[in-house]
Amino acid sequence: MAVSDLMTRPSRGLTVVLRVVFVVGATLFVLFLLGINIFTSFPSFWRGTLGNPYSLAITLTVMAVITLTAAAALIPFRAGFVNLGGEGQLVAGATGATVVALTIGEPGSVWVAIVCVVVAMVAGALWAGIASFLYERFGANEVISTLMLNFVAFTVAEYFTSTVWPDKVAPQTISIPDATNFPLFGKFGSTPWAVLFAVIVWGLAWWLIQRTNFGFRIKATGESPMASLRFGYAPVRTRVISVFLGGAAAGLAGAVLILVVNRALVLDISQSYGYVGIAAALLIALRPALLPLGAIAFAMISVGGNTLAAVSKVSPTVSLVAVSVCVLLLLATRSRRGSS
Amino acid sequence: MALIVTLLAASLALCMPVLLAALGELVNERSGVLNVGLEGVMLFGAFGAAFTYQLWGNFALAFGFGLLAGLCAWAILGALYLWRQTEQIVTGLLFNLFAFGLTATLFTRFEGDVGQVRALPKVSFGPLTDIPILGPILFNQNIVVYAAIIIVVGVSLLLNRTWFGLRIKAAGEIPLVAYENGVPVMRLRWIALGIGCVLASLGGAALVLAESGIFLPGVTSGAGFIALAMVVLGRFSAYGILLASIFFGVAASLQFYSEQLPFASGGARYFWVAFPYIATLVALAVWRKARYPAAMGKEFKV
C-alpha cells in the first residue's frame, strides 16, 4: 500500500467546500433512501448526541474509543503496515481487562482498574504482535492475517462469555465488581477518564510521529522501506514497534469499553469500532494532530445514528452505512492530479 | 470410518461458498485488482438470494437475484477501484463495512420477509450414491458443489488457455507494456472485476441457500476474508484454490462434529470454532512461496 495515496493534500478554496457539500449531501441522501427522515430529525439528532448531559457522556465515550482505534490504525499505517485488526485487538484488550477484573474479583478497587488497563494494552499489543511476527518472519500478508485474527479474537471472547464466566441471561460474562472503577464524576460517571485516555494517546501519537526522531523513522519506513534501510533506520524494528503501539491503543479502547461502558465482556462488544477507527483515520488523511476531529465526527454519526434509527424505526446499523459512504466518497472525490 | 466419511462429505459442501468467492477473486487479482471487498459482495449476494427466496420460494430465481445484487456491488466497486482509482485495500474494507451496514439495515426493515430457507435439494445419481465411501462423499451433494467444480475447470481454462486469460494476466503483471501493445487494460479489469463479483455473490447466495439456511446480519462471518487467503494459499491457480478450499472445509467442519471427537468436547469446542482461521493463518505463514501478480492493487495510469 502506498501510504501517500491515503494522505491527500487538503485542496483549497472552493474545491474543498464543494467536496464537503457533495460528500455530506450524498451521505444524507443515502440515509434518506434507507428510511431516515433527514428533514425533521435534526432536533432528535442534537438531543441524542450533544444536547443533554447523558447523551453527551455517551458521545464523548464513543469518541474516546474511536480516537483510540483510529490511533491503532494510524500509527501502523504510517509505518506501512496495514493494520485492519483494530477490531480484534480491541476485543483482545477487552477480554484481558475482564479476565483480570473477574479473576481478582470482589471487592475490587481502583488499583485493579489500573491493572486492567495495563493488561488490556499488553493484550492488544500482543494480539497485533502475532500479525507483525507472521509478517516479518514469514512474509504472511498482513491484510489477511490481521482480518483472520479478528475472528480468532471473537471466538476467544465467546469462550469466556459462554464457558468461563457466563451470565445467566444475556450472551455476556458476569459483571465486574463495582469498586473496580475509576473515581466517578456525578452525571458523567467515568466518562472523563475515557476522554483523558484518548487525549493522552492523541498527544502521544502526535508528538511521537511529528516531533521525534522515531516518528521520522516511522514515516520513512512507510514511504520507502528500502530507503530507510539504506539510511540505517532499522525499518523492521520501527515497523514492529509501531504495530505494537497501535495494538496497545486498540487494547486500551477495549479496556475503556469494559470499565466505562459495558462493565462486562459482551459478545459483540466492539460493534465495529475497530473498522470505524480505520475510517476515522482515513477521514483525517492519517494526520495524528486531527485524531479527535475524525473521532468526534464518527462518534456523532454512531451515537446520533442510534437515536435517529430509534426515531425513524430503522436498525442502528444504518450509522455504519453513513460512516462508510462518507469516507468512500471522500476517497473517491480526491483530485487525481494531486496525487501523481 | 463412518464419521470420517460424513466429515468429508460435509466439508466438501461447506467450502463451496469460499471456493466460489476465491475463484472470482483469483480472476480479478490476476487482472491487477485486489478486491478486499469480497466479504461485502458475498453479503450482497446472500441478502439478494435470501430475500428473493422468501418472496417466491424458487432456488433459480434466488440465485439470479443474488447475482443481480453482485452486479450492483460490481458497479459500486468498479466506480471506486477503476474509475476513481481509490486505494484498493481500504476501499475494499470500507465497502465491507458498507455492505454489512446496508444488509443489516435492510434485514431489520424486512425482518418478516427474510427468514428460513429450505435446504437446497441434493442431486440424485441413482446407484452411484451407494458406492461405499466415495458415494456419500462425491455423489450425494447439492447442485452448488458440482457447479463449483465445473467453474474451477472453467476458470483454469479461461486463464491459461485463452487469449482473454493471457491478456488478463498481462494486465495484472505489466499493465503499461500490455497497454502499449493494444490490450485495453482498464476494460479488462472491469470485466475481471465483474467476473469476480458475480462469482462472489453466487458464493454468498450458496452460503445462504445451501449452508446456513437463513440470512442474518454478517452471516458470511469472514468467508470473504478466508477466500482472500485461499487465493494466496492456492498460489493463484484455480486447482490450487480448490485444494486449499477443501483443506479449509475440513478445518471448518470439525467444529460441527466436536461432540463426537474425543479431543474436541467441552471448552475445547471453541478452539475448533476458531480453528479454520488459525489454520489459514498458519498455512499462510508456512506456505509462503506464492508470487503475487506484480501490478495487483496498484493504480493504473497511462
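No experiment lies behind these values; they were computed from the predicted model shown. Residue numbers begin at 1 in each chain, while the letters A, B, ... track the order of the sequences. In what follows, every heavy atom counts, from backbone to side chain, and hydrogens, waters and symmetry copies are set aside.
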A:S272 side chain near B:L97 side chain, heavy-atom distance below 4.5 Å:
yes

Heavy-atom check, side chain of A:M148 versus side chain of B:I226, under 4.5 Å
yes

From [X] atom [atom1] to [Y] atom [atom2], the distance as rounded to the nearest 0.5 Å:
X	Y	atom1	atom2	result
B:R109	A:S312	CZ	OG	10.0 Å
B:I89	A:F77	CD1	CZ	8.0 Å
B:E87	A:L282	CD	CG	8.5 Å
A:Y275	B:N96	OH	CG	8.0 Å
B:T108	A:K313	OG1	NZ	14.5 Å

Taking all non-hydrogen atoms of both residues, which atom of B:F225 and which atom of A:I144 are closest, and how far apart?
O-CG2, 4.5 Å

Looking at every heavy atom in both B:G222 and A:F151, which two are closest together, and how far apart are they?
CA-CZ, 3.3 Å

What part of [X] gets closer than 4.5 Å to chain B, counting heavy atoms only: side chain, backbone, both or neither?
X	result
A:L134	side chain
A:L331	both
A:L33	backbone
A:V318	both
A:I278	side chain

At a heavy-atom separation under 4.5 Å, does [X] approach chain A through its side chain, its backbone, both, or neither?
X	value
B:L80	side chain
B:L93	side chain
B:F100	side chain
B:I76	neither
B:T280	side chain

Could you have a look at [options] and say which one has the most heavy-atom pairs with chain B under 4.5 angstrom?
options	result
A:N150, A:V164, A:V321	A:V321
A:V323, A:I130, A:L34	A:L34
A:V143, A:L320, A:V152, A:L147	A:L147
A:V325, A:V314, A:N141, A:V30	A:N141

Check the side chains of B:Y277 and A:T155 for a donor-acceptor pair under 3.5 angstrom, ignoring hydrogens and angles.
no

Would you check if there is a donor-acceptor pair between the side chains of B:T105 and A:S315 at a distance under 3.5 Å?
no

Yes or no on side-chain contact (heavy atoms from CB on, under 4.5 Å) for A:S162 and B:Y270, after CA distance, side-chain angles and deciding distance?
CA-CA 10 Å; A:S162 62; B:Y270 291 96; 2.5 Å; yes

Taking every non-hydrogen pair under 4.5 Å, which of B:V232, B:V282, B:T91, B:T103 racks up the most with chain A?
B:T91

Chain A: which of B:F275, B:Y292, B:F271 shares the most heavy-atom pairs with it under 4.5 Å?
B:Y292

